[in-house]
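The structure under discussion appears below in the form of structure tokens.
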Amino acid sequence: MATYVIGDVQGCFHAFKDLLAAVDFNKSVDTVWLVGDMVNRGSGSLAMLRWCYEHKDHVRVVLGNHDLHALVVANGVVKARKGDTIGPLLEADDSDVLLDWLRHQPLMVQSDGFVMLHAGLLPQWTVEKALGYAAEVEAVLQSDNWIAFLEQMYGNKPAEWHDDLTGMDRLRVITNTLTRLRICSAEGKMEFKFKGELTDIPAGYMPWFDVPDRLSKDTTILFGHWSALGLQHRNNVHALDTGCLWGGNLTALTLETKAITQVPCNQLDQPIEIKR
């Protein structure tokens, strides 16, 4: 019996299947945790969500920014962007079932001493507070008013957390933190344009997990989202997005043993030439 935590798949279903074979996944006894961004950019978003739905009793997922984007596009809030590959998912006969299942997934989970989320946590958030904040967004996303939430979800402001935030400003900060955060200031001001490597971080900012005295530092956190960061195991965090979509590897961490298993990108997952 094993738990495999897998980095951002982003529709790279062939690589995902290769990785399951490499770890000898047994759905009767094993569990897969997915750090978000199950869909978009690779050619297999539909197949990936179908697999998750079929194996939903053996899978734990958190929502990433691309998963939320799929919901936004599916409901006509915005048009698909250049590079999006979710068309087959949106046009499938079972699209409504798959996307409804996706909408009901959490933004953050805690289990067996581990926390899993897609992007990051602000330094002034304890794990307990963050779980409560995530639950606020999850409640709206799973309510009858979920499309109204999606219509106002996009945006980079507010860029800082304040306890007295209310309404959509509050929900947007929570969502951006959990699904988009890479770097912030020591005070927790977020910057969303940066997607590069550690050596190129702009002055005044640092990786969210390197902020001194962040209140979540005593909990082991599993996350993805930052492909240029690569595989990292430090400061009680495990970064697992190793850029499969961009020609890198797809990575699995076995929680029980801390073993790392990787498979290379599979060319069958590339819909067309993708430029980073």
Side-chain angles (χ1 to χ4, degrees), residues 4-23 25 27 32-56 58-103 105 118-119 150 179-180 195 223-231 239-253 261-276:
Y4 302 108
V5 189
I6 298 178
D8 301 35
V9 176
Q10 287 199 249
C12 294
F13 185 66
H14 291 91
F16 176 71
K17 293 287 282 185
D18 292 342
L19 186 54
L20 293 184
V23 298
F25 173 71
K27 69 177 183 180
V32 168
W33 288 16
L34 297 169
V35 301
D37 278 5
M38 283 77 72
V39 303
N40 206 15
R41 301 296 178 85
S43 62
S45 294
L46 175 58
M48 187 65 206
L49 272 199
R50 281 175 171 168
W51 188 94
C52 289
Y53 186 76
E54 179 184 349
H55 296 84
K56 57 182 180 289
H58 310 283
V59 173
R60 299 194 74 173
V61 311
V62 290
L63 294 173
N65 53 302
H66 280 281
D67 307 314
L68 291 173
H69 179 66
L71 293 172
V72 170
V73 175
N75 287 278
V77 177
V78 300
K79 293 182 179 180
R81 299 169 179 166
K82 182 180 180 180
D84 284 349
T85 59
I86 53 177
L89 168 62
L90 305 186
E91 296 163 4
D93 292 341
D94 53 351
S95 177
D96 288 347
V97 172
L98 297 175
L99 292 174
D100 187 66
W101 174 84
L102 187 68
R103 178 169 68 91
Q105 301 314 301
H118 181 60
L150 294 180
T179 67
R180 297 179 61 206
K195 300 180 181 181
F223 71 102
H225 184 57
W226 192 351
S227 60
L229 179 65
L231 187 65
L240 298 172
D241 183 1
T242 47
C244 178
L245 176 69
W246 310 114
N249 295 317
L250 188 62
T251 297
L253 166 70
T261 306
Q262 295 184 312
V263 297
C265 66
N266 189 313
Q267 291 303 308
L268 294 174
D269 292 319
Q270 300 290 328
I272 12 180
E273 181 183 359
I274 296 177
K275 296 182 179 179
R276 192 169 184 175

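- Ring planes of Phe25 and Tyr4: perpendicular class, angle over 60° (limits at 30 and 60°).
- Between the Ser95 side chain and the Leu89 main chain, a donor and an acceptor come within less than 3.5 Å of each other.
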I would like to know whether Leu98 and Leu46 meet side chain to side chain contact (heavy atoms under 4.5 Å, CB included); could you show each step before the answer?
CA-CA 9 Å; Leu98 297 175; Leu46 175 58; 3.7 Å; yes
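- Going from atom CD of Gln10 over to atom OG of Ser43 covers 12.5 Å, rounded to the nearest 0.5 Å.
- Interatomic distance, Cys12 SG to Gln267 CD, rounded to the nearest 0.5 Å: 10.0 Å.
- A donor-acceptor pair under 3.5 Å is formed between the side chain of Gln270 and the backbone N or O of Leu245.
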Going through the checks in order, is the side chain to side chain contact (heavy atoms under 4.5 Å, CB included) test met by Gln105 and Val62?
CA-CA 6 Å; Gln105 301 314 301; Val62 290; over 6 Å; no
Would you sort out whether Phe223 and Leu240 count as a side chain to side chain contact (heavy atoms under 4.5 Å, CB included), showing the intermediate values?
CA-CA 6 Å; Phe223 71 102; Leu240 298 172; over 6 Å; no
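- Closest approach of Leu229 to Ala239, counting heavy atoms only: CD2-CB, 3.8 Å.
- Using bins of under 30°, 30° to 60° and over 60° for the plane-to-plane angle, the ring pair His66/His69 lands in the perpendicular bin.
- Looking at heavy atoms from C-beta onward, Lys56 lies in side-chain contact with Tyr53 at the 4.5 angstrom threshold.
- Side chains of Asp37 and His118: a donor on one and an acceptor on the other come within 3.5 Å.
- In this structure, Asn249 and Cys244 have side chains that are not in contact, with every pair of non-hydrogen atoms separated by 4.5 Å or more.
- Applying the side-chain hydrogen bond (donor to acceptor under 3.5 Å, both in side chains) test between Thr251 and each of Asp241, Thr242, Asp8 identifies Thr242 as the sole match.
- Asn65 is listed as a side-chain neighbour of His225, based on a closest heavy-atom distance under 4.5 Å.
- The residue from Asp18, Leu20, Leu19 that alone fulfils the side chain to side chain contact (heavy atoms under 4.5 Å, CB included) condition with Phe16 is Leu20.
- Glu54 contributes atom CD, which lies 12.5 Å from atom CG of Leu49 (distance to the nearest 0.5 angstrom).
- Although no hydrogens or angles enter the test, the distance criterion places no donor-acceptor pair under 3.5 Å between the side chain of Asp84 and the main chain of Ala80.
- Annotation: side chain of Met38 is not in contact with side chain of Trp51 (no heavy-atom distance under 4.5 Å).
- Nearest heavy atoms, Leu71 versus Asn75: O-ND2, 2.8 Å.
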Run Gln262 and Leu231 through side chain to side chain contact (heavy atoms under 4.5 Å, CB included) and show every step you take.
CA-CA 11 Å; Gln262 295 184 312; Leu231 187 65; 4.2 Å; yes
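- Contact of the His55 side chain with the Val32 side chain is not registered, since no non-hydrogen atoms from C-beta on lie closer than 4.5 Å.
- Checked options Leu34, Leu253, Val59; the residue passing with Ile6 is Leu34 (criterion: side chain to side chain contact (heavy atoms under 4.5 Å, CB included)).
- Considering all non-hydrogen atoms of both residues, Gly83 and Asn40 come closest at O-OD1, 4.3 Å.
- Formation of a donor-acceptor pair under 3.5 Å by the Asp67 side chain with backbone atoms of Gly64 is found in this model.
- Side chain of His14 to backbone of Asn266: no donor-acceptor contact under 3.5 angstrom is found.
- Here the closest heavy-atom approach between residue Gly7 and residue Leu250 is recorded as O-CD1, 3.8 Å.
- By the 4.5 Å heavy-atom criterion applied to side chains, Val73 and Arg81 are not counted as neighbours.
- Between the side chain of Thr85 and the backbone N or O of Arg41, at least one donor-acceptor pair lies under 3.5 Å.
- Of all heavy-atom pairs between Val263 and Ala15, the closest is CG2-O, 3.5 Å.
- For the pair Trp101 and Cys52, the minimum side-chain heavy-atom distance is below 4.5 Å.
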